[in-house]
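A short worksheet on the structure shown next.
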Amino acid sequence: MGANRTLYIDVAKIVAIFLVLVNHTNSEIFLSYSPSVTWFSSLTYFYISRIAVPVFLMATGALLLGRVEGYRRHLQRMWRMFAVLLVFSLFYYNMNPGFPGSLSEAGTVIKSLIEKPASNALWYVYLYLCLLMVMPFLQRLVQALEKRDIEIVIIISLAVMGLSMALGHIFSVNIYGQTDFTLFCYPIGYLFAGYYINRFIVPDRKLLVAAIIVFIACIIFSDLISYQQFSQGFAQYLFWSNLGLLNISLPSIAAFYIFRHIASLPAIQKRSRLIGEVSLCVFGIYLTSDFVLVRTHPWYQDLAHFLHIFFACICWQAIIFTLCLVPVFLARRVKWVARYL
């Protein structure tokens with residue numbers, strides 16, 4: 001079972017990174033169309049891709065919350081993440097004409113990078129760095145909690161907070177800004193959910209069927225409510241893609257559980273070494289994806305001339321994935337690079 005647990009997280013990370021590419025490329029289709037088969041196909045694909053970040057957070061929770069590490073280990077991990085963020089921020093900053101000043105104006109650069117990421121993809125690194133800061137305390141907290149306590153944290157962080165967001169949107173009610181639940185937020189909820197699934201949930205066929213049903217039902221719900229609000233002229237119909245909402249958290253948790261079962265398939269287990277190698281490249285793919293995305297966008301436009309735009313976009317996503325994977329895989333052959341990527 002231990003090998004399967006590692007393998008299912010590897011599988012989850014590979015699927016999630018591809019869905020990140022989907023999330024960053026697919027939306028221009030449904031944003032350019034009115035409701036049609038193409039619109040619904042693209043919107044469905046988009047909502048499926050929204051599980052990517054939650055899956056990464058749950059994988060982090062499954063891997064890190066079950067142990068208690070020394071503060072030095074955490075500082076080393078934080079330093080590596082900060083170094084990666086700094087290097088890639090400067091790389092993308094130098095490419096982005098939307099940022100003021102130049103690399104020679106250090107003050108302007110620092111101010112800009114504090115205010116917003118230099119690339120769309122880097123926002124998650126900011127979030128992850130913050131989570132690493134509190135990780136040593138979360139690890140110790142988890143050790144003191146019973147199973148029921150962890151369930152309550154997940155319910156408050158995802159169900160209660162997600163439902164309150166949805167009701168506030170539906171009834172146009174803004175929750176008072178000083179109503180701060182502090183610990184209970186969607187990143188914490190996903191971390192604890194990943195840990196909970198990894199430690200307490202035993203693979204079960206009936207539960208697998210239930211997870212598949214929940215996943216499909218939530219995607220359909222997301223499509224329908226977005227269509228309903230789009231039809232009524234609501235410009236904010238993509239509110240329902242918010243990562244803290246139940247229609248995103250439920251299919252994300254269901255998908256994470258489904259990966260447990262996928263990892264037990266003989267075809268997957270036979271390729272565990274390859275899957276593990278690709279999984280190690282996921283962070284590098286994430287960091288370089290925006291660069292490749294911009295450079296290959298004309299290829300997508302060319303593909304759309306002789307393929308349906310939806311299938312052209314899928315081909316483009318596969319190209320981005322491959323063009324990121326190969327150099328990252330080769331770069332990781334260098335030991336010091338592998339420490340950071």
Side-chain angles (χ1 to χ4, degrees), residues 2 5-14 16-17 20 52-92 110 113-114 117-119 121-145 150 153 157 182-183 185-199 243 256 259 275-290 324-325 328-329 331-341:
R5 287 183 177 180
T6 301
L7 182 58
Y8 93 84
I9 291 176
D10 288 341
V11 171
K13 288 165 60 179
I14 293 171
I17 191 59
V20 166
V53 168
V55 165
F56 277 128
L57 290 172
M58 285 187 281
T60 299
L63 293 172
L64 295 184
L65 286 186
R67 64 180 80 169
V68 175
E69 299 170 307
Y71 289 106
R72 180 169 182 166
R73 177 75 178 108
H74 287 286
L75 287 172
Q76 290 172 342
R77 191 179 285 128
M78 288 167 54
W79 161 248
R80 287 201 300 271
M81 190 57 54
F82 177 76
V84 167
L85 176 60
L86 180 61
V87 169
F88 278 88
S89 291
L90 293 177
F91 171 72
Y92 281 113
I110 293 173
L113 296 181
I114 290 175
S119 172
L122 293 181
W123 78 266
Y124 180 78
V125 184
Y126 282 71
L127 170 63
Y128 189 63
L129 185 58
C130 292
L131 290 176
L132 290 181
M133 292 179 184
V134 298
M135 188 60 68
F137 312 107
L138 293 178
Q139 288 180 341
R140 287 158 176 78
L141 174 62
V142 166
Q143 298 301 312
L145 297 179
I150 296 173
V153 171
S157 299
T182 309
L183 176 65
C185 56
Y186 80 81
I188 299 298
Y190 286 126
L191 287 177
F192 275 66
Y195 169 77
Y196 184 88
I197 291 172
N198 191 63
R199 180 176 178 185
L243 298 180
F256 196 71
F259 291 132
I275 291 171
E277 289 289 341
V278 175
S279 176
L280 290 173
C281 298
V282 161
F283 187 47
I285 294 172
Y286 177 79
L287 293 170
T288 57
S289 61
D290 270 10
C324 291
L325 172 62
V328 170
F329 177 82
R332 281 184 54 82
R333 302 305 97 188
V334 180
K335 287 187 178 181
W336 70 268
V337 174
R339 288 188 61 206
Y340 293 89
L341 295 182

| field | Contact check, side chains of L57 and L243, non-hydrogen atoms, under 4.5 Å | value | no

| note | Distance col, row L90:CG vs L85:CG, nearest 0.5 angstrom, shows 9.0 Å

| task | Measure the CZ-CG distance between F82 and L132 for me, rounded to the nearest 0.5 Å. | result | 13.0 Å

Extract all donor-acceptor atom pairs below 3.5 Å that involve side chains of residues 333-341 and protein atoms in other chains or at least two apart in sequence.
residue : atom : partner : partner atom : Å
R333    : NE   : F329    : O            : 3.0
R333    : NH2  : E277    : OE1          : 3.4

| task | Could you point out which residue of L65, V134, V142 forms a side-chain contact (heavy atoms from CB on, under 4.5 Å) with L191? | result | L65

| side-chain contact (heavy atoms from CB on, under 4.5 Å) against Y71, all qualifying residues, sequence neighbours excluded | P136, F137, R140

| With F283, which residues qualify under ring-ring contact (aromatic ring centres under 6.0 Å, His included), at least two apart? | none

| In Å and rounded to the nearest 0.5 Å, what is the CH2 to CG distance from W79 to L86? | 7.5 Å

| said: Going by the rule side-chain contact (heavy atoms from CB on, under 4.5 Å), which residues pair with C130 if we only count those two or more places apart in sequence or in a different chain? | reply: none

| task | Provide the closest heavy-atom pair for A12 versus F259 in the form atom of the first, atom of the second, distance. | result | CB-CD1, 3.4 Å

| request: Report the distance from atom CE of M78 to atom CD of Q76, rounding to the nearest 0.5 Å. | output: 11.5 Å

| Pairwise side-chain contact, F192 with L138, heavy-atom cut-off 4.5 Å (strictly under) | yes

| task | Only counting residues at least two apart or in another chain, list the ones meeting ring-ring contact (aromatic ring centres under 6.0 Å, His included) with Y196. | result | F200

| said: The criterion is ring-ring contact (aromatic ring centres under 6.0 Å, His included); which residues satisfy it with F56, sequence neighbours excluded? | reply: none

| query | What pair of heavy atoms forms the shortest contact from F88 to T288, and how long is it? | reply | CE2-CG2, 4.1 Å

| message | I'd like to check the side-chain contact (heavy atoms from CB on, under 4.5 Å) partners of Q143; sequence neighbours left out, ordered by chain and number. | response | V68

| said: To the closest 0.5 Å, what do you measure between CZ (R80) and CG (L129)? | reply: 12.5 Å

| field | Which atom of D10 lies closest to which atom of G276, heavy atoms considered | value | OD2-CA, 3.7 Å

| request: Can you label the angle between the Y186 ring and the Y190 ring as parallel, tilted or perpendicular, going by 30° and 60°? | output: perpendicular

| task | Using the test side-chain hydrogen bond (donor to acceptor under 3.5 Å, both in side chains), find all partners of E69 that sit at least two apart in sequence or belong to another chain. | result | R67, R77, Q139

| request: Please round to the nearest 0.5 Å and tell me the distance separating atom SG of C281 and atom CG of L287. | output: 12.0 Å

| Of the non-hydrogen atoms in C324 and I285, which two are nearest, and what is the gap between them? | CB-CG2, 3.8 Å

| query | Hey, does I17 have a side-chain heavy atom less than 4.5 Å from the side chain of V20? | reply | yes

| remark: For residues 123-133, the side chain to side chain donor-acceptor pair (under 3.5 Å) pairs (sequence neighbours left out) are none

| request: Can you sort out the partners of V278 under side-chain contact (heavy atoms from CB on, under 4.5 Å), two or more places apart, ordered by chain and number? | output: I14, L274, F321, L325

| note | A62 and G194 have their tightest heavy-atom pair at CB-O, 3.6 Å

| Chi angles and distances behind the side chain to side chain contact (heavy atoms under 4.5 Å, CB included) call for L63, T6 | CA-CA 9 Å; L63 293 172; T6 301; over 6 Å; no

| remark: A16 and V55 have their tightest heavy-atom pair at CB-CG1, 3.9 Å

| query | Sequence neighbours excluded, which residues qualify as side-chain hydrogen bond (donor to acceptor under 3.5 Å, both in side chains) partners of Y195? | reply | R199

